[in-house]
Amino acid sequence: MTDLAERREPDLVYQPAEDSRLLGDATREFVDEGDVVLDVGTGSGWVASVAAEEGADVVGVDLNPHACREARDRGVQTVRGDLVEPFRNDAFDAVLFNPPYLPTDPDDEGDDWLEKALSGGETGRAVVDPFLDTVGRVLKPEGEVLLLVSSLTGLDEVTERAAENGLATAEVASEKFPFERLIVLRVITDNHQTD
Ligand SMILES: C[S@@+](CC[C@H](N)C(=O)[O-])C[C@H]1O[C@@H](n2cnc3c(N)ncnc32)[C@H](O)[C@@H]1O
């Protein structure tokens, strides 16, 4: 019988890193007990498990079947699918996403699961843009998104795309690294009332 550690597939599934940790810290701050939470691109399920530790009812989604298996091994209920497509309207208090956000030269673009976890296409926003175009549908009226991006992803462009979808963004955490700054954006609908 294989144990959990042996079943992990580090070359196939993105393992928790600095970006996961920054999003996990914001999750601890903004997710409340009893919230219904979706972790998009759940990968190993680590960020989802942070939300579960806060008492949230969490589901993960990922395109990568190996990630779905690893997240389930971690105890996270996980669906294989594309972004928020499998879920019904107005379902979630919070949606978390640490997306593939690195700009990648098309000539260097690979085709393996780790590449799909990291590469945001030529602009860095190939996955972030469709996420911002669709996430509003699955948010409850007072729901919110915690979205991890890099300074390399183009913060102004991300904010503009959110605004085109009736979403307002605010930086709630950030950390500097040698070649980039990682940022957690809190994204809410324009008519969301905050206290
Ligand atoms: C940077 S990794 C983050 C993994 C994990 N959430 C973490 O923070 O450690 C991005 C994840 O998004 C998944 N992903 C990429 N495109 C996706 C899509 N269109 N729908 C669902 N998941 C996607 C990848 O398979 C990968 O697991």
Side-chain angles (χ1 to χ4, degrees), residues 7-31 37-54 56 58-87 91-92 94-104 109-135 137-138 145-153 158 161 172-175 177 179-185 187:
R7 286 192 63 185
R8 289 204 180 121
E9 294 165 289
D11 296 338
L12 296 172
V13 179
Y14 187 87
Q15 296 303 304
E18 291 83 358
D19 47 10
S20 323
R21 186 180 47 72
L22 197 63
L23 183 59
D25 289 347
T27 297
R28 281 191 194 92
E29 189 177 344
F30 288 99
V31 166
V37 173
L38 172 63
D39 182 28
V40 178
T42 198
S44 70
W46 185 82
V47 175
S49 70
V50 171
E53 280 163 22
E54 292 302 303
V58 191
V59 61
V61 62
D62 207 293
L63 273 182
N64 176 351
H66 309 283
C68 293
R69 193 172 74 186
E70 191 168 313
R72 286 186 199 121
D73 283 345
R74 200 184 274 276
V76 177
Q77 190 189 150
T78 305
V79 173
R80 186 175 183 207
D82 186 8
L83 299 175
V84 301
E85 192 276 329
F87 303 99
F92 297 104
V95 177
L96 317 172
F97 194 19
N98 177 11
Y101 55 74
L102 291 176
T104 308
E109 187 92 47
D111 192 30
D112 54 78
W113 287 115
L114 267 192
E115 183 79 19
K116 287 191 204 316
L118 294 168
S119 169
E122 214 166 349
T123 63
R125 297 184 297 279
V127 181
V128 169
D129 282 350
F131 171 75
L132 289 170
D133 294 346
T134 54
V135 68
R137 182 185 65 76
V138 300
V145 175
L146 294 175
L147 174 65
L148 190 296
V149 289
S150 160
S151 47
L152 302 174
T153 316
V158 171
R161 187 70 168 227
V172 292
S174 87
E175 195 167 339
F177 294 90
F179 299 103
E180 64 181 336
R181 190 164 69 92
L182 295 180
I183 299 129
V184 179
L185 292 176
V187 184

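Each ligand, and each atom within it, is numbered from 1 in the order the structure gives. Just so you know, these numbers come straight off a predicted model, no measurement behind them. Just so it is clear, the values below take in all heavy atoms, side chains as well, and ignore hydrogens, waters and symmetry mates.
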Problem - ligand 1 contacted by P130 (non-hydrogen, < 4.0 Å) - result: no
Exercise for the section: Return yes when L23 approaches ligand 1 closer than 4.0 angstrom through a heavy atom, no otherwise. Expected result: no
Exercise for the section: Can you pull out the closest protein heavy atom to atom 1 (C) of ligand 1? Residue, atom name and distance to 0.1 Å, please. Expected result: A117 O, 3.2 Å
Problem - Heavy-atom donor-acceptor pair, R137 side chain to F87 backbone, under 3.5 Å - result: yes
Problem - Beyond-backbone contact of V135 with V187, side-chain heavy atoms, under 4.5 angstrom - result: no
Exercise for the section: State whether the side chain of T27 and the backbone N or O of A51 hold a donor-acceptor pair below 3.5 Å, judged by distance alone. Expected result: no
Problem - Closest approach of D62 to G43 (non-hydrogen atoms, all atoms of both residues) - result: OD2-N, 2.9 Å
Problem - Residue G43 vicinity, atoms of ligand 1 by number, heavy atom under 4.0 Å - result: 4 (C), 27 (O)
Exercise for the section: Return yes or no for this condition: an N or O of N98 is under 3.5 Å from an N or O of ligand 1. Expected result: yes
Problem - Option nearest atom 20 (N) of ligand 1 (shortest heavy-atom distance, choices V79, L83, L96) - result: L83
Exercise for the section: With heavy atoms of S20 as the reference, note each atom of ligand 1 found under 4.0 Å away. Expected result: 7 (C), 8 (O), 9 (O)
Handout entry: Which residue and heavy atom of the protein sit nearest atom 22 (N) of ligand 1, plus the separation
Key = L63 N, 3.4 Å
Practice task
Using a 4.5 Å cut-off on heavy atoms from C-beta on, say whether the side chain of F92 contacts that of V84.
Solution key: no
Exercise for the section: Just jot down the ligand 1 atoms closer than 4.0 angstrom to any heavy atom of V47, in number order. Expected result: 8 (O)
Problem - Within-cut-off N or O pair, P16 and ligand 1, under 3.5 Å - result: no
Exercise for the section: May I ask you to test the V40-P99 pair for a side-chain heavy-atom distance under 4.5 Å? Expected result: no
Handout entry: Side chain to side chain, V58 and Q77, heavy atoms closer than 4.5 Å
Key = no
Exercise for the section: Before signing off on this row, confirm whether G41 and ligand 1 have an N or O atom pair separated by under 3.5 Å. Expected result: yes
Exercise for the section: Say whether N64 and Y14, considering side chains only, have a donor N or O and an acceptor N or O under 3.5 Å apart. Expected result: no
Fill in the blank from the handout: Going by the 4.0 angstrom heavy-atom rule, the piece of L148 near ligand 1 is neither
Exercise for the section: Say whether D39, considering both its backbone and side-chain N or O atoms, lies within less than 3.5 Å of an N or O atom on ligand 1. Expected result: no
Problem - E115 backbone acceptor or donor facing S119 side chain under 3.5 Å - result: no
Practice task
Take atom CD of E175 as the centre, draw a 6.0 Å sphere, and report whether it contains more than 12 heavy atoms from other residues, nucleotides or ligands.
Solution key: yes
Exercise for the section: Could you list which atoms of ligand 1 come closer than 4.0 Å to a heavy atom of G81? Expected result: 20 (N), 21 (C)
Exercise for the section: With heavy atoms of K116 as the reference, note each atom of ligand 1 found under 4.0 Å away. Expected result: 15 (C)
Problem - Closest candidate by heavy atom, reference atom 19 (N) of ligand 1, pool N64, D82, V84 - result: D82
Practice task
Determine whether any heavy atom of P100 lies closer than 4.0 Å to an atom of ligand 1.
Solution key: yes
Practice task
With the side chain counted from C-beta on, respond yes when V61 and L83 share a heavy-atom pair under 4.5 Å apart, and no when they do not.
Solution key: no
Fill in the blank from the handout: The atoms of ligand 1 lying under 4.0 Å from a heavy atom of T42, numbered in the order shown, are 5 (C), 6 (N)
Practice task
Examine the proximity of ligand 1 to D62 and report which part, side chain or backbone, both or neither, has a heavy atom under 4.0 Å away.
Solution key: both
Exercise for the section: Could you tell me how the ring of F97 sits relative to the ring of F131: parallel (under 30°), tilted (30 to 60°) or perpendicular (over 60°)? Expected result: tilted
